[in-house]
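Here the structure is laid out as structure tokens; the discussion comes afterwards.
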Amino acid sequence: MHNTLLFAPVAITTGLGEKTEISSLSEMREFLNEWAPARRRLSYGAAVKACEAARSGQCSPKAAREAFVAFAAGAGILWREEPKFIVVKPVAHGFGGFAI
């Protein structure tokens, strides 16, 4: 049961722009156990409790994932995809704004 996949991987940043995906309860538990004690807050404790409850079958992996997402957001490590913009600039006047 401890390797049950989460509904969707949670992408977090673990270093200088390095992306890591947490996709199972065992990965979540390992990450939380390695989290620096000085940086542990209330959301950390909630994520640990939810992970252990999901591992023992007392709550769903989805609930554990939601607690982990709340922890990651509060800790500032939730990976945010940069929006991709397409910029169009006219290159020639007199040809309807398009280069030939």
Side-chain angles (χ1 to χ4, degrees):
M1 176 94 175
H2 62 81
N3 277 332
T4 303
L5 290 179
L6 302 174
F7 284 84
V10 179
I12 56 174
T13 181
T14 55
L16 299 171
E18 189 175 317
K19 179 181 176 182
T20 300
E21 289 189 346
I22 304 296
S23 59
S24 70
L25 294 173
S26 59
E27 288 176 352
M28 182 190 303
R29 181 180 184 208
E30 182 179 338
F31 181 83
L32 291 170
N33 285 340
E34 293 175 1
W35 190 250
R39 297 184 64 197
R40 294 178 182 178
R41 303 286 182 258
L42 208 51
S43 60
Y44 168 84
V48 170
K49 287 179 183 177
C51 181
E52 292 305 319
R55 288 171 51 90
S56 65
Q58 296 174 354
C59 79
S60 69
K62 183 178 179 181
R65 180 189 185 277
E66 290 171 0
F68 186 76
V69 168
F71 155 73
I77 61 168
L78 193 60
W79 183 266
R80 298 283 182 201
E81 292 290 333
E82 294 292 325
K84 296 179 177 39
F85 296 102
I86 298 175
V87 179
V88 178
K89 296 180 182 178
V91 294
H93 298 288
F95 293 107
F98 298 100
I100 297 179

key: Lys19: partners by side-chain hydrogen bond (donor to acceptor under 3.5 Å, both in side chains), with sequence neighbours left out   = Glu81

query = Between Glu18 (side chain) and Thr14 (backbone), is there a donor-acceptor pair under 3.5 Å?
reply = no

Test side-chain contact (heavy atoms from CB on, under 4.5 Å) applied to Arg29 and Glu52, step by step = CA-CA 8 Å; Arg29 181 180 184 208; Glu52 292 305 319; 3.2 Å; yes

request  = Would you please say whether a donor-acceptor pair under 3.5 Å links the side chains of Glu30 and Ser26?
outcome  = no

ask   = What heavy-atom pair brings Leu25 and Ala64 nearest, and what distance separates the two atoms?
value = CD2-CB, 3.9 Å

Got a list of side-chain donor-acceptor pairs under 3.5 Å for residues 36-46, not counting sequence neighbours?
from	atom 1	to	atom 2	distance (Å)
Arg40	NE	Trp35	O	3.1
Arg40	NE	Tyr44	OH	3.4
Arg40	NH2	Asn33	O	3.4
Arg40	NH2	Trp35	O	2.9
Arg41	NH1	Ala38	O	3.2
Tyr44	OH	Leu32	O	2.9

request  = Can you see which heavy atom on Arg65 is nearest to which on Ala8, and at what distance?
outcome  = NE-O, 2.7 Å

task = Return the set of residues passing side chain to side chain contact (heavy atoms under 4.5 Å, CB included) with Thr13 (not counting sequence neighbours), or none when no residue passes.
result = Ile77, Trp79

query = Which pair of non-hydrogen atoms, one from Glu21 and one from Pro9, has the smallest distance, and what is that distance?
reply = OE1-CB, 3.8 Å

request  = Start with the C-alpha gap between Phe68 and Ile12, add the side-chain angles, then the distance that decides, and say whether side-chain contact (heavy atoms from CB on, under 4.5 Å) holds.
outcome  = CA-CA 10 Å; Phe68 186 76; Ile12 56 174; 4.1 Å; yes

